[in-house]
2 protein chains.
Amino acid sequence: MNVELDDLKAFVKTAEMRSFRAAAETIHLSQPALTRRIQKLEATLGVPLLERTTRRIELTAVGRDFLPRARRLLDDLETSLLTVQEIAQRRSGQVNIACIPTAAYYFLPDVISAFSEAYPSIRVRIVDAGANEVLQGVLNREVDFGITLTGADDPDVAFEPLVEEPFMLACRNDHPLAEQEVVQWEDLAEHRFITVGRASGNRLILDLGLAKSGFRPRWFYEVQHLSTSLGLVEAGLGVAALPKMSLPSGPHPLIASRPLVDPVVMRTVGLVRRPGARLSPASERFHEMLLTRWRTP
Amino acid sequence: MNVELDDLKAFVKTAEMRSFRAAAETIHLSQPALTRRIQKLEATLGVPLLERTTRRIELTAVGRDFLPRARRLLDDLETSLLTVQEIAQRRSGQVNIACIPTAAYYFLPDVISAFSEAYPSIRVRIVDAGANEVLQGVLNREVDFGITLTGADDPDVAFEPLVEEPFMLACRNDHPLAEQEVVQWEDLAEHRFITVGRASGNRLILDLGLAKSGFRPRWFYEVQHLSTSLGLVEAGLGVAALPKMSLPSGPHPLIASRPLVDPVVMRTVGLVRRPGARLSPASERFHEMLLTRWRTP
DNA sequence: AATGATTGATGTGTTACTCGCATGAATGTT
DNA sequence: AACATTCATGCGAGTAACACATCAATCATT
């Protein structure tokens with residue numbers, strides 16, 4: 001049934017204006033072209049919709065039935081198209097990313113500053129989540145891309161490394177281990193160790209890294225987030241192994257950082273996105289800026 | 001916004017089948033032609049709807065939003081087109097006319113018989129109504145055309161006369177007036193006269209016809225329909241002036257008919273239709289058959 | 001890792017369709 | 001009867017949509 005939207009528009013406008021000539025003018029068509037459109041619609045339907053002479057136009061019974069339906073169809077289409085374009089525009093005016101907390105404050109501030117300076121009207125929405133949640137968010141297209149750990153990846157996403165860093169010891173300045181320049185993992189055996197839960201990507205990496213050495217630290221405290229670990233260390237409740245980027249970078253009144261060796265456990269943080277994902281230009285640009293600023297050479 | 005229905009169909013089918021090639025085959029298009037349609041839709045909306053590689057097709061976020069809307073639009077259009085065609089087909093399979101009662105049984109039986117023999121599947125629907133209702137029915141397109149009186153016409157309808165006939169006296173066989181071969185209107189003055197209401201077309205014609213003679217019958221009974229008049233005459237309650245076609249055509253055990261003169265009041269019954277009205281072929285044919293069978297030479 | 005089958009995208013030429021212009025016939029109005 | 005205006009038709013021009021040929025990309029298989 002080869003009906004076209006322009007046919008419906010011609011019919012609706014003609015029925016409303018009661019004039020082929022006037023309707024044609026309104027929709028920027030010549031009168032013969034409009035007449036042909038109406039004739040084509042009537043031929044396709046197999047029934048006249050309008051009764052007309054050179055001086056008078058009226059709807060047929062079928063035309064009267066069809067007119068509100070045609071109007072509704074055209075209205076619904078216009079609404080749909082406008083809605084879709086609004087969604088698209090809203091999406092293209094916003095960057096959505098998911099990020100593990102330890103990386104958010106390390107990677108993003110500089111790049112966000114530069115990005116917002118270049119694109120003042122583009123908003124950046126950061127979903128702060130664990131490594132697995134970041135991955136799910138990307139897979140489910142809830143966000144454009146993510147910043148997460150190597151271990152938490154998936155065959156259906158592409159990983160682009162940004163930074164590789166070691167886990168280090170975090171303890172209070174007045175802790176006995178703070179007197180050593182370098183701490184070995186086995187040195188921790190005699191101290192209360194604060195760890196993160198099994199669901200954490202960091203925990204997975206640590207477990208895998210330590211498996212080779214035969215040493216298994218005895219966890220005394222288990223928390224959900226690394227940032228809570230740091231809080232407990234500061235409170236003097238124990239020591240923790242934390243990624244370097246989550247530690248204070250300079251001298252700290254309470255917290256000391258020491259290299260953890262034998263083994264040195266490394267983690268890689270990078271960008272994950274779905275291959276072939278068509279990001280908005282803004283998201284593509286932000287993604288590029290992150291790579292440019294942070295990519296490991 | 002130059003979106004076309006074929007664009008929507010291409011998009012919906014491709015999203016459902018997850019294959020350009022397969023979708024193209026289904027809607028009888030080549031794969032490049034379908035690809036171009038999808039590209040045109042995406043260009044018009046200014047946003048991609050599908051992410052695709054040569055081996056994998058998925059909806060974008062905007063595409064996922066748009067797909068149910070596009071489906072609904074196409075479904076609504078198809079429903080509308082089928083409904084319109086069904087109405088048109090039903091109308092073209094049926095003749096609808098309105099007819100004053102006195103004429104229905106006089107004009108229609110023969111023509112209906114001939115018509116139904118020629119067109120066995122076409123149904124004929126007769127709306128039995130007063131002269132004014134017949135006219136309204138035609139003007140409001142509730143019926144295709146009507147059979148009514150001259151007096152009940154309108155500048156917007158065309159009248160084609162079928163039969164011109166006189167009003168005659170109807171009385172019981174044993175009534176004194178039955179003894180006269182011809183009755184004059186003034187003879188009715190001494191007898192109870194049964195008339196029809198002022199809303200009746202017949203009443204209007206009678207009033208106008210008698211106005212010239214100066215004689216005004218004194219109504220003793222007033223009824224709504226002529227057929228009721230005949231019933232009261234038969235019951236011996238009085239006499240009535242009725243159109244010839246509504247009287248028994250041969251000898252009747254109870255009812256006598258006599259010419260009414262001085263004046264002779266005539267009425268014309270004919271077809272009314274809207275000029276330029278596009279009737280279905282069946283209605284046109286029936287209309288023609290009525291004219292052929294009954295038209296006054 | 002190499003190879004092959006398959007698919008979406010692009011270039012190109014052809015065809016069909018839509019358009020505007022010119023004009024005719026019909027229709028109300030004066 | 002004459003005139004102005006409108007809908008319908010004939011016709012030529014231009015454009016859009018199509019299929020075909022082909023390329024590049026992508027997975028699956030070996």
* Asked: Should Gln31(A) and Arg21(A) be marked as a side-chain hydrogen bond (donor to acceptor under 3.5 Å, both in side chains) after you check the CA-CA gap, both sets of side-chain angles, and the distance that decides it?
  -> CA-CA 5 Å; Gln31(A) 175 263 313; Arg21(A) 190 206 60 80; over 6 Å; no
For the pair made of [atom1] in [X] and [atom2] in [N], what is the distance, rounded to whole Å?
X        : N       : atom1 : atom2 : answer
Leu50(A) : dT6(D)  : CG    : P     : 17 Å
Arg37(A) : dC17(C) : CZ    : P     : 13 Å
Gln39(A) : dG10(D) : CD    : C1'   : 13 Å
Asn2(B)  : dA17(D) : CG    : P     : 8 Å
Ile38(B) : dA9(C)  : CD1   : P     : 9 Å
Arg21(A) : dA8(D)  : CZ    : C1'   : 16 Å
Asp6(A)  : dA16(D) : CG    : P     : 13 Å
Glu25(A) : dG20(C) : CD    : P     : 12 Å

* Asked: In chain order, what residues pass the side-chain contact (heavy atoms from CB on, under 4.5 Å) check against Arg18(A), with sequence neighbours excluded?
  ->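 Scan of Arg18(A) (side-chain contact (heavy atoms from CB on, under 4.5 Å), adjacent residues dropped) gives Glu58(A).
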* Asked: Should the pair Asp65(B)-Arg69(B) be classified as a salt bridge under the 4.0 Å nitrogen-to-oxygen rule?
  ->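 Looking at Arg69(B) together with Asp65(B), the answer is yes, because their closest N to O distance falls below 4.0 Å.
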* To do: Taking Glu160(B) for its side chain and Leu271(B) for its backbone only, find out whether a donor-acceptor pair lies under 3.5 Å.
  =>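 Between the backbone of Leu271(B) and the side chain of Glu160(B) there is no qualifying donor-acceptor contact (under 3.5 Å).
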* Asked: Any donor and acceptor pair, going by atom type alone, linking the side chain of Glu42(A) with main-chain N or O of Leu50(A) inside 3.5 Å?
  ->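 Side chain of Glu42(A) to backbone of Leu50(A): a pair is present.
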* To do: Would you please confirm or rule out a distance under 4.0 Å between OP1 or OP2 of dC7(D) and any side-chain N or O of Thr35(A)?
  =>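 Answer no for this pair, as no side-chain N or O of Thr35(A) is under 4.0 Å from OP1 or OP2.
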* To do: Ignoring backbone atoms, test whether Arg52(A) places a side-chain nitrogen or oxygen under 4.0 Å from the OP1 or OP2 oxygen of dA8(D).
  =>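 Arg52(A) to dA8(D) OP1/OP2: side-chain N or O found under 4.0 Å.
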* Structure fact -> Reading nucleotides 19-27 of chain D from 5' to 3' and marking B where a protein heavy atom lies under 4.0 Å of the base, S where only the sugar-phosphate is that close, and - otherwise, the string is BBB---BBS
* Asked: Of all heavy-atom pairs between Ala15(B) and Leu67(B), which one has the smallest distance, and what is that distance?
  ->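 The pair with the smallest heavy-atom distance is CB-CD1, 3.8 Å.
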* Asked: If you look at every heavy atom in Gln94(B) and Asp144(B), which pair is closest and at what distance?
  ->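 For Gln94(B) versus Asp144(B), the nearest heavy atoms are O-OD2, 4.1 Å.
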* Rounded to the nearest 0.5 Å, how far apart are CZ of Arg285(A) and CG of Leu290(A)? ->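 Those atoms lie 10.5 Å apart.
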* Asked: In Å and rounded to the nearest 0.5 Å, what is the CZ to CG distance from Phe66(B) to Leu45(B)?
  ->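 The distance works out to 5.5 Å.
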* Using five base pairs at each end, measure the axis-to-axis angle across the helix from dA1(C)-dT30(D) to dT30(C)-dA1(D) and round it to 10 degrees. =>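 Its terminal axes enclose an angle near 30°.
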